[in-house]
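Numbers restart at 1 for each chain; the letters A, B, ... are given by sequence-line order, proteins then strands. Every heavy atom of this structure was used, including side-chain atoms; hydrogens, water molecules and symmetry mates were not.
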Amino acid sequence: DEALDRVMSSGTLKVATDASWAPQSFLNDDNEMDGFDVDVAREVAKRLGVEVEFVTPSWDIITAGNWNGRWDLSVGSMTPTKARSEVLSFPAVYYYTPAALAVHKDSGAKVESDLDGKNVGAGTATTFELYLQKDLSIDAEGTPEFTYKVTPGKIKSYKDSTAAMDDLRLGDGVRLDGMVGSLPAILSAIKSNYPLRVLGDPVFYEPLALAIDKGDEAFNDKLAGIVGDMKSDGTLKTLSEKWYGVDYTSAVE
Amino acid sequence: MLFADTVVSDPAVHKPKVMLIMLVVATFLLTLFGLNDTIYGEFMRPVIGEPKESGFFGNVATGFVLAIIFVINVVLIGFAAFRVQILIVWLELLLLFLAFFYSFGLNYEFIQSKIWFMITQGVFTTLYISAISIVLASIVAIFGAVAKLSSNGFAFAIASFYTSFFRGLPLLMQVYLIYLGLPQLGYVIDAVPAGVLALTLCYGAYMTEIFRAGIQSINKGQWEASRSMGFGFALTMRRIILPQAMPLIIPPTGNQFIAMLKDSSLVSVIGVWELMFLARTLGNKDFRHMEMLITAALIYWCLSICLELIQSRIERHYNTISH
Amino acid sequence: MLFADTVVSDPAVHKPKVMLIMLVVATFLLTLFGLNDTIYGEFMRPVIGEPKESGFFGNVATGFVLAIIFVINVVLIGFAAFRVQILIVWLELLLLFLAFFYSFGLNYEFIQSKIWFMITQGVFTTLYISAISIVLASIVAIFGAVAKLSSNGFAFAIASFYTSFFRGLPLLMQVYLIYLGLPQLGYVIDAVPAGVLALTLCYGAYMTEIFRAGIQSINKGQWEASRSMGFGFALTMRRIILPQAMPLIIPPTGNQFIAMLKDSSLVSVIGVWELMFLARTLGNKDFRHMEMLITAALIYWCLSICLELIQSRIERHYNTISH
Amino acid sequence: MSTPIIEMTNVDKWYGTFHALKNINFTVNEGDKIVVCGPSGSGKSTMIRTLNYLEEHQKGAIRVNGTDMHKKMKNVDTVRMDVGMVFQHFNLFPHMTILQNLMAGPKWVRGVSEDEARKTAMMYLERVRIPEQADKYPGQLSGGQQQRVAIARSLCMKPKVMLFDEPTSALDPEMVSEVLDTMVELANDGMTMVCVTHEMGFAKAVADRVIFMDAGEIIEENDPVSFFDNPQHERTQNFLGQILQH
Amino acid sequence: MSTPIIEMTNVDKWYGTFHALKNINFTVNEGDKIVVCGPSGSGKSTMIRTLNYLEEHQKGAIRVNGTDMHKKMKNVDTVRMDVGMVFQHFNLFPHMTILQNLMAGPKWVRGVSEDEARKTAMMYLERVRIPEQADKYPGQLSGGQQQRVAIARSLCMKPKVMLFDEPTSALDPEMVSEVLDTMVELANDGMTMVCVTHEMGFAKAVADRVIFMDAGEIIEENDPVSFFDNPQHERTQNFLGQILQH
Ligand SMILES: Nc1ncnc2c1ncn2[C@@H]1O[C@H](COP(=O)(O)OP(=O)(O)OP(=O)(O)O)[C@@H](O)[C@H]1O
Ligand SMILES: Nc1ncnc2c1ncn2[C@@H]1O[C@H](COP(=O)(O)OP(=O)(O)OP(=O)(O)O)[C@@H](O)[C@H]1O
Ligand SMILES: [Mg+2]
Ligand SMILES: [Mg+2]
């Protein structure tokens, strides 16, 4: 329980999170960290009775494991899988993201299968891409069932979902006919005047968890307890509604 | 300047033949581009009609008009003096590029609201990390170059391994290796020192090669003269060889400095908030990354223009003293 | 090699005084590093006891043992011939680095399962994109250099704007501008051509500066001699100036080639599956980034060693012919 | 034999503020052999370099082979093709072998065939007594050998006018006379020559006129016999005095 | 006056396969003045460059100022401090003014003060008649001026032994005699000198011995009077014949 000791004795919880993933975590107009993940981290720290401090190493660095005490916790919307849990521990799932298809607003597509045989994009190596490849298996507990609703002609992978949306906004069929991404991201893009619209219902739900370095059971249990409390007392639901306008803290079919 | 040859031919662009050729070539090239569908075509709509109707004729007409504008411009510039020519051409190109940026339809208020933070936080971090790394890399490079030129197998082997390894591995990888690898050996190193170390080692390796070429290029007679006067190795190097190698070393070194400015952005992977990191981050929430990226790019450009001015001043210094 | 000076001193490392100094310095430095807590300390545990008990003594002891190993090694290598020395030192350093990689505790099966795809898909893409861009960039650079050295204000202004702009903007930005910006003007350009175009323009700008320095460094007498024989400008450049500038141009150009190999990875942002893209992608699903990145890094290293060998061969060619 | 091939009229040249050539006037007719002498730093090299437009003059007119040399001239290359120059510092091409140095001009500019260029080159190398050095690089030759290569290189171009800048300075006396013999032969073939040299033997033997320069001015110009036996100007007398005493 | 300061014993040198020096033997005592002459390419430069260890020899022994010159010597710099060298190609430092060229050695190696170094430098510049060029760069001087700077630069170091490689090749006759006068003065001050030159006047006036080289060998070595009036070797006779006829 090295990590827990360190947190308690120093009185600060160092949280690693992304700074460019609105609305989960981003820099707000005052150039401070803000977002759903950030609020969750703040709440966790509050319940531990310590201050919170954010650091922003890249995804590669966080997921390499062996943090060496540089930071204590990652609140970064990671999907917990068995293979990944060989590298990091996932104390608790704190919400679920729906994934959805988006098309240009001029697109004639009505249902998911209208994109069959078309160019569909996704962030590379994301669950969205795996979904398009029909190779998605989320082996975390409590993952809802899903079906493959689209058979794209060509899958284009992008550095991230935003890059795919940038291509899609050029016009219907200019480079892309559609893309898969997280529903919240698509919605906030639409709010920022991207000429897109969501196609159909969410195609699958993805559980997202906190992560810590391996080897500290006490810290793991403590965090699991805290997240459990936050769920049961409705704090998470409030936060989700604040940021997404919807309650994503449980998977809805 | 090249060997002036003391023969300056009449500005070629004022010969009617040359003008005509320029016009034909420009029209041809611009027609090839098929400008009909572009914004240039839009300006011509009243004359050429809708894209689909005008077709090939539209392309040629648009191309021709642009070509005429281009040639008139070149001919007029030809009348000006050297420095004025440079000024005009720079301004024109700048305007063209600004127009190009403008065509992205950026949100300027957004840029305004963020630019101050980008400068105070981002530029500052970028600059101090690059400045430290550049100084250290230059020092590494001098030793590396001497070692690579030495007849001592041990020094040569270490230096060549060093340049091979640190040029061969992607800088990102070096940042990772230092940041994630050193803790495995027992040292937990902070983000900024890790970044500076990686940049120093990587750029030191590149600059080793540059310094080597510069030192090697100096005439053997210079070594002979100074050695025969009893100058030691270090003295010869410092006072005779390096100053003469400077005009050769400076331009590629300037390249490295400018590249470093931008490569320093790689340290953002380990959580350092430098310019590029902010550019990618600040625009994220509102999907304004093009705004932020272009702003960052222009800031980088300004910084590197400063470096270029410094470079050309140093170069002039060394060229004056050695003709 | 540097001015040989025809005096090769006795391998300095065989003098007892030098050995002693090396030993003391190495011990001191290694002690400073505080190796007690590291894996080196672990080897010494039986003698020095637990980190907390041994403290400073542990540091010194570990440092001392390592220093002795180091010095013995250096002394032994000193006996070998130049080429053998190089070989031994390279092997030793390689082993050290492999040990270092090993300490990451990588999953080798995972690497094995992916490496073939990385090579066939990734290396191939990386190589062909860089190769095309390098050739184009060199051509751009020659013209750029001549323009930057010309006394024609128009040519100078365009060339200097070009180098300033394309060196000043981050390559990533150039890729975006070309990939996302050109469509605004009406041309939709594919990912690979966009990447090649961006790399060509960017590296062409850097190499312009290198070529300029090389051309400028050639003695005025060479211009005079060839011009006075009636050689035209182009002939003088091609047959007299450039061949002599080669030894100067090659090393920094080699730098650029090697850097290009890795910068070509930036085209992955627009979805080209080159080496780095695969490295980042393949490991993501199972959080095996490090495995993939290290594999990619080693592949890059191999590629750049190939480039280095080619470079040194070309350099030898030009050095032999001009002494 | 009296068409002027080189005419300098009131030529002035400055290096920055240093007045290097002062009101130079002289004419060389086709087939003339002119020797230029004068103390070190008097502007001899500068003067013959202006004839090739390697240095720009600021005042006056220079006309070579029917072409006016000025800032905006178009055909400087065609003038230069017919004007050979042997530099004081040789300026050989270090990256080419001796043979390549000699063959470059004829092949690239005159369009002579490879074989013929090689034959001419070897012929001149034999004349200057270094055929065995043909495949070495300039850096591998002794000073005197380099100078001979420089002379041979110019001759290979078969120019109408030759400008020599101290062509025998690095040679031993024996070699000097051989090289001068070669030059005398050329002179007898009717080539026009301007030669900066202090070899008075050569001046006496072949020169039509001797020009004496000091401090950027032409002090005296005369036929060799009058020049040596009866110098007019005091400065010339002193200068010649030094040589004879020697 | 009879301590040998330079000794060459059975020295052989090759450039690749070219045998440049063949079994050279000679001794220079302190205060001796030796003139070396011989045809172009005979190995004169090579020989005096080995004395400074600027060229490596492959066989035999060279001893200068009490130090053996060989591959593993440690103190080559201290030997060189006392051996001045004037190069055939001058090798001035192009990035330093003439004055800086002259002051560098005394200041950086001998530790002389700035003022004193300047005084010495100006003194020698006046001796070679170019004090007004002190602030120019080497590239701005005429050939002869550069050569004089090279001579002055070596003298500023106040060496025990001077090696001159054709120190007057680029000079006009007037200047030659002035420079030679300076060298005669040095000679009279007791400086040891080895001078490659074809100025026979100088040889006759000051040389203790004249060495004649051909094709890498020393063919003849004699005092100047016997050398010029009564050369032993046929090759020497031919060579001298050319000079006198001249
Ligand atoms: N680039 C230059 N800048 C300034 N002064 C120069 C330059 N080149 C030559 N000079 C000066 O012009 C004068 C004439 O030089 P020039 O080379 O013509 O002399 P020269 O008669 O050829 O002498 P020498 O016989 O020594 O070669 C010299 O005093 C020299 O210092
Ligand atoms: N680096 C080299 N490689 C091969 N041969 C060389 C090299 N340097 C000199 N030589 C040859 O060695 C011989 C002697 O050269 P050296 O320079 O000593 O002649 P020198 O007597 O000084 O002649 P000069 O009076 O022309 O200066 C020459 O034939 C020359 O071609
Ligand atoms: Mg001259
Ligand atoms: Mg010589």
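- The environment of CD in D:Glu132 is crowded: more than 12 heavy-atom neighbours from other residues, nucleotides or ligands sit within 6.0 Å.
- In this structure, the portion of E:Phe90 lying under 4.5 Å from any heavy atom of chain D is its side chain and not its backbone.
- Nearest heavy-atom pair, D:Ser40 versus E:Gln145, reported as atom, atom and distance to 0.1 Å: OG-N, 3.5 Å.
- For the pair D:Lys136 and E:Phe18, the cation sits on the ring face: its NZ or CZ lies under 6.0 Å from the ring centre, inside 45° of the axis.
- At a 4.5 Å heavy-atom cutoff, the contact between D:Ser142 and chain E is made by side-chain atoms alone.
- Around atom CZ of D:Arg129, no more than 12 heavy atoms belonging to other residues, nucleotides or ligands sit under 6.0 Å away.
- D:His198 NE2 to E:Glu174 CD: the interatomic distance, rounded to the nearest 0.5 Å, is 9.0 Å.
- Ranked by heavy-atom pairs under 4.5 Å with chain E, the list D:Lys44, D:Arg235, D:Gln133 is led by D:Arg235.
- Taking 4.5 Å as the limit, some side-chain heavy atom of D:His89 sits within range of a side-chain heavy atom of E:Gln146.
- For the set D:Gly41, D:Cys37, D:Gly43, D:Ser42, the entry with the most heavy-atom pairs within less than 4.5 Å of chain E is D:Gly41.
- Using a 4.5 Å cut-off on side-chain heavy atoms (C-beta onward), D:Pro39 and E:Met175 make no contact.
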